Amino acid sequence: MAAAQEERFTRRKHDASFPRHAITYCLEVGGIQGKDLDAVAYYDKPFLTFERLLETYVGYAPKGLPSFLKAMPLWLKKKLWIPEQIRKELGYEGMLVFPEHHESHAASAFFPSPFDRAAVITTDGVGEWATTTYGMGEGAVLRLMAEIHFPHSLGLLYSAVTAFCGFRVNSGEYKLMGLAPYGEPAYAGVIRDELIDLKADGSYRLNMDYFTYPAGLRMTGRRFARLFGGSARQPETALTQREMNLASSIQLIIEEAVITLARHVKRVTGARNLCMAGGVALNCVANGKLMRSGLFDRLWIQPAAGDAGGAVGAAFMAWHMAHKQRRSPRQPDAMHGSYLGPAYSDEEIAAMLEARCVSHEKLDEDELCKRVAGLLAEGKVVGWFQGRMEFGPRALGARSILADPRGRDMQHQLNLKVKFRESFRPFAPSVPAEAAKAYFDIDVVSPYMLLVVGVRYASCSGEGLDRLRHIRSPVPAVTHIDGSARVHTVDVSVNPRFWRLLRVFESMTDCPVLVNTSFNVRGEPIVCTPSDAYRCFMRTHLDALAIGPYLVQKAERPAPSLTTQERAVPCGLD
């Protein structure tokens with residue numbers, strides 16, 4: 001019925017505080033209070049995680065002392081008291097359910113999926129002890145069959161290279177994936193020989209001589225730096241060919257590991273369908289290659305595959321495993337397009353605009369789509385704020401920034417003038433599901449933007465970052481330099497207004513594709529409220545804002561009218 005991340009309400013990216021606002025929202029949707037709940041589920045077992053931390057610090061003593069002193073006060077004061085905090089915050093005395101971290105991931109992958117029977121793979125940094133698991137779901141029963149334990153982790157391996165290349169762990173992994181096509185896998189052999197021992201059954205071990213994350217506040221040390229020819233790149237400095245080759249190399253290794261594990265899981269389970277979750281399942285390049293491998297008939301990935309989605313999985317574990325409720329798979333799935341966050345009424349939006357003396361027009365859906373499509377066809381960039389907010393990291397046509405994909409300079413313009421981020425990062429296309437095959441090499445739907453596929457008739461020349469200027473494609477603004485795109489297919493029954501906009505744009509341009517990127521700027525969560533959308537619109541080079549039935553254009557707007565609070569909120573630039 002409802003799901004949301006605390007960061008969207010507090011405006012603090014990756015907010016790890018107790019999710020009071022998100023809980024309040026979900027209870028409001030359900031029309032209940034905390035005391036009315038049958039169960040509250042939490043996505044991991046805090047005491048097992050605490051046990052892993054203590055054993056690791058003892059095992060690496062005295063190296064881990066600075067990290068130990070930083071982590072322990074938070075654990076002793078807050079994290080070990082999660083049950084008490086839940087009861088206090090909710091005024092709740094009923095059942096508490098604490099699945100293991102990877103059980104929550106696995107449940108978030110299988111239970112909302114459209115399959116009655118499927119294999120499940122979960123891979124991330126680390127839960128309590130597990131970092132990779134596989135198992136089997138059938139009906140209302142989910143069973144994990146095998147797992148790999150910390151410190152051996154595909155997620156932490158990828159994050160270590162992310163940090164070494166000068167990007168932030170837990171947010172820069174997308175950048176590393178986007179950087180990979182600019183390089184060559186020149187270090188893949190070194191990584192296989194020195195860093196990871198990958199077996200034929202998909203199990204693996206890392207050579208921990210090269211990593212410092214179990215005991216320290218950094219991911220890698222001097223030996224890792226020597227292996228790759230010098231110290232780590234400093235953030236915000238120029239990217240070199242080394243970083244591009246490292247990105248390409250680790251991406252190849254992750255793809256090999258994922259497909260090797262999937263092949264083993266197929267042999268063991270005999271399942272025709274596969275479900276996935278965990279942070280590594282957000283690696284849409286690996287997902288695309290797994291889909292094309294033909295190992296499984298169908299692939300379904302939880303749209304909030306990271307830890308946020310663990311909340312969904314924990315709730316499903318409480319419902320099906322603790323409360324023994326029956327399950328009937330839904331089509332196309334049970335996630336409702338991931339549109340599970342807050343929506344705002346026309347009256348609420350109008351009140352916000354009028355309070356700020358913003359000139360606006362109220363349009364019916366027909367006219368709104370025509371006007372927005374016309375602006376996009378003219379090369380304008382539009383903020384699109386419609387209906388319920390997405391749950392998970394992707395903007396799927398509810399909180400999106402939209403643009404014309406046909407312009408060669410649009411990708412560069414969006415990165416630098418609207419998103420305020422690195423120029424090499426690609427953008428995703430949205431396309432009506434029934435029109436996707438005309439532009440992309442895809443035979444399945446991709447409703448959650450979690451598959452990278454080829455763009456038809458695309459090619460590229462040049463070297464390094466200069467290759468951006470030499471993309472040849474019918475939709476160059478959404479074509480990465482390797483001729484690929486992270487495609488989002490839009491179903492008319494799931495998001496009819498966004499589907500209609502795409503079709504109206506097609507009627508004007510003969511192109512049913514739009515650039516779709518999340519409605520935020522670098523370092524800031526995706527917008528949640530009308531005020532968030534207006535503030536982001538004001539502080540970027542967006543040309544127009546389509547917010548509910550209202551259209552706001554900067555050319556028609558008087559001088560900015562921000563509240564005192566809005567003036568005080570930073571733009572979110574790192």
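The model shown is predicted, which means the values in this text are computed figures rather than measured ones. Atom set for the values below is all heavy atoms of this structure, side chains included, hydrogens, waters and symmetry mates excluded.
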Quiz item: cation-pi between Lys554 and Phe537, 6.0 Å / 45°: yes
message: So, applying salt bridge (charged side-chain N to carboxylate O under 4.0 Å, His left out) with Arg500, which one of Glu365, Glu367, Glu506 is it?
response: Glu365
field: Inter-residue atom distance Cys460.SG - Ile471.CD1, 0.5 Å rounding
entry: 5.0 Å
- request: Heavy atoms only: give me the nearest Val490-Asn495 pair and the separation to one decimal.
  value: CG1-O, 4.0 Å
query: Applying salt bridge (Lys or Arg N to Asp or Glu O under 4.0 Å), which residue pairs with at least one partner in residues 483-494 are found, sequence neighbours left out?
result: none
message: Assess, by modelled atom type and distance only, whether the side chains of Thr529 and Asp532 contain a donor and an acceptor separated by less than 3.5 Å.
response: yes
message: Using only atom types and a distance under 3.5 Å, with no angle test, would you say the side chain of Glu173 pairs donor to acceptor with the backbone of Ser171?
response: yes
Heavy-atom pair of closest approach, residues Leu542 and Ile401: CD2-CG2, 3.7 Å
- prompt: Are Tyr158 and Gln251 close enough that a side-chain donor and a side-chain acceptor fall under 3.5 Å?
  reply: yes
- prompt: Between Lys289 and Glu255, is there a side-chain N and carboxylate O pair less than 4.0 Å apart?
  reply: yes
task: Examine Arg399 relative to Phe385 and say whether NZ or CZ is less than 6.0 Å from the centre of the six-membered ring and inside a 45° cone about the ring axis.
output: yes
query: Does a side chain donor of either Glu524 or Asn520 reach within less than 3.5 Å of an acceptor in the other side chain?
result: no
message: Main chain of Asn273, side chain of Arg298: is a donor-acceptor contact present, judged purely on distance under 3.5 Å?
response: no
query: Can you check whether Leu502 reaches Pro512 side chain to side chain, under 4.5 Å on heavy atoms?
result: no
field: Closest non-hydrogen atom pair, Asp346 against Pro549
entry: OD1-CD, 3.3 Å
message: Testing the basics here: between Ala305 and Ala281, what is the closest heavy-atom pair and its distance to 0.1 Å?
response: CB-CB, 4.1 Å
query: How many angstroms lie between OG in Ser400 and CZ in Phe519, if you round to the nearest 0.5 Å?
result: 9.0 Å
- prompt: What are the two closest non-hydrogen atoms of Glu243 and Leu179, and how far apart are they?
  reply: O-CD2, 3.9 Å
query: Crowded around His336 NE2? As in, over 12 foreign heavy atoms under 6.0 Å?
result: yes
- prompt: Salt bridge or not for Arg371 and Glu361, using N-O below 4.0 Å?
  reply: yes
task: With sequence neighbours excluded, tell me which residues meet salt bridge (Lys or Arg N to Asp or Glu O under 4.0 Å) with Asp404.
output: Arg406
query: Distance-only, no hydrogens or angles: does the Gln302 side chain make a donor-acceptor pair with backbone N or O of Ala277 under 3.5 Å?
result: no
Gap separating the OG1 atom of Thr517 from the CZ atom of Arg394, nearest 0.5 angstrom: 10.0 Å
message: So which atom in Arg8 and which in Gly392 form the shortest heavy-atom distance, rounded to 0.1 Å?
response: NH2-O, 2.7 Å
- request: State which residue, out of Val161, Leu246, Ile250, fulfils the side chain to side chain contact (heavy atoms under 4.5 Å, CB included) condition with Tyr187.
  value: Leu246
message: Do Gln386 and Phe498 have side chains that approach each other closer than 4.5 Å (heavy atoms only, starting at C-beta)?
response: no
